[in-house]
Amino acid sequence: MSTEKVAIVIPALNEEAALRSLLPELTKDFAQWIIGVDDGSTDGTASVGGSAGAVVASEPVRGYGRNCLKGFKRACSLGADIVIFMDGDGSDDPTDLPMLLAPISEGRADIVIGSRVSTLSEQGAIAPQARLGNWLVSRLIRLLYGVRLSDIGSFRVIRCSSLEELKMREMTFGWPVEMLVKAARARYRIIELPIHYRRRSSGRSKVAGTIVGSLKAAYYMVRTTLRYAGARGTHG
């Protein structure tokens with residue numbers, strides 16, 4: 001049995017209602033720490049996380065990547081060996097956690113990505129504009145970096161040491177893409193697994209829930225994909 005320490009990082013912005021449902025689903029013996037990163041919420045997101053026993057970190061400057069980075073740094077400071085990123089809206093199913101963690105803990109992969117575009121996902125869980133944007137970016141990554149992906153999901157697992165080596169810089173919606181393209185350039189072993197993606201449990205997505213949000217996310221994702229095109233084997 002692995003003795004490596006695991007931290008689950010959950011970036012959240014005004015997800016009070018969703019977190020009330022999600023946090024009780026996370027089994028206490030799976031990870032040493034559940035880290036909720038509050039991105040300047042105006043509701044009770046932070047208090048819900050604290051009441052559920054999560055480590056609450058605050059990142060007042062908004063930005064998805066900045067939020068994830070704050071959670072990652074807190075995980076490192078606590079002594080985590082492996083970090084799991086999952087969304088705070090309840091769409092990522094905690095029952096998939098052991099499946100996603102196994103390839104990392106068993107030494108078969110360097111990064112594991114959960115794919116939302118499979119028969120396991122709940123019908124209608126992904127908005128059409130989000131599905132199109134992720135399809136485009138995943139095809140670009142395959143073309144430019146030689147990695148076969150079906151989705152650019154945010155539910156993912158990576159060793160803290162591996163993520164540290166990637167020297168992440170994208171502080172907005174480009175964070176998930178940057179991680180993948182840098183991992184591909186560094187020849188990390190990337191595994192994609194189908195997950196039981198669900199409709200968000202409450203509220204509306206800040207990204208896919210609006211046309212402006214979807215376009216902005218698509219812009220940052222495509223820009224990031226193209227920015228790091230070039231010679232493989234480097235992190236910068």
(request) Mind listing the closest non-hydrogen atom pair of Pro98 and Thr95 along with its distance? (result) CD-O, 3.5 Å
(request) Compare every heavy atom of Val117 with every heavy atom of Ser150, then report the nearest pair and how far apart it is. (result) O-CG2, 3.4 Å
Is there a side-chain contact between [X] and [Y], using heavy atoms and a 4.5 Å cut-off?
X      : Y      : value
Leu26  : Ile10  : yes
Ile158 : Ile82  : no
Ile141 : Thr225 : yes
Trp33  : Lys5   : yes
Leu69  : Asn67  : no

(request) Please confirm whether the backbone N or O of Ala7 pairs with a side-chain atom of Gln32, one donor and one acceptor, at under 3.5 Å? (result) no
(request) Would you give the length of the straight line joining atom CZ of Phe155 to atom NE2 of His196, rounded to the nearest 0.5 angstrom? (result) 11.5 Å
(request) Take atom CZ of Arg66 as the centre, draw a 6.0 Å sphere, and report whether it contains more than 12 heavy atoms from other residues, nucleotides or ligands. (result) yes
Ion pair [X]/[Y], N-O distance below 4.0 Å:
X      : Y      : value
Arg199 : Glu122 : yes
Arg159 : Glu4   : yes
Glu192 : Arg142 : no
Asp39  : Arg62  : no
Arg116 : Asp151 : yes
Arg223 : Glu170 : yes

Side-chain donor-acceptor pairs under 3.5 Å in residues 51-59, sequence neighbours left out?
unit_1 : atom_1 : unit_2 : atom_2 : d
Ser51  : OG     : Ser47  : O      : 2.9
Glu59  : OE1    : Lys70  : NZ     : 3.4
Glu59  : OE2    : Val61  : N      : 3.1

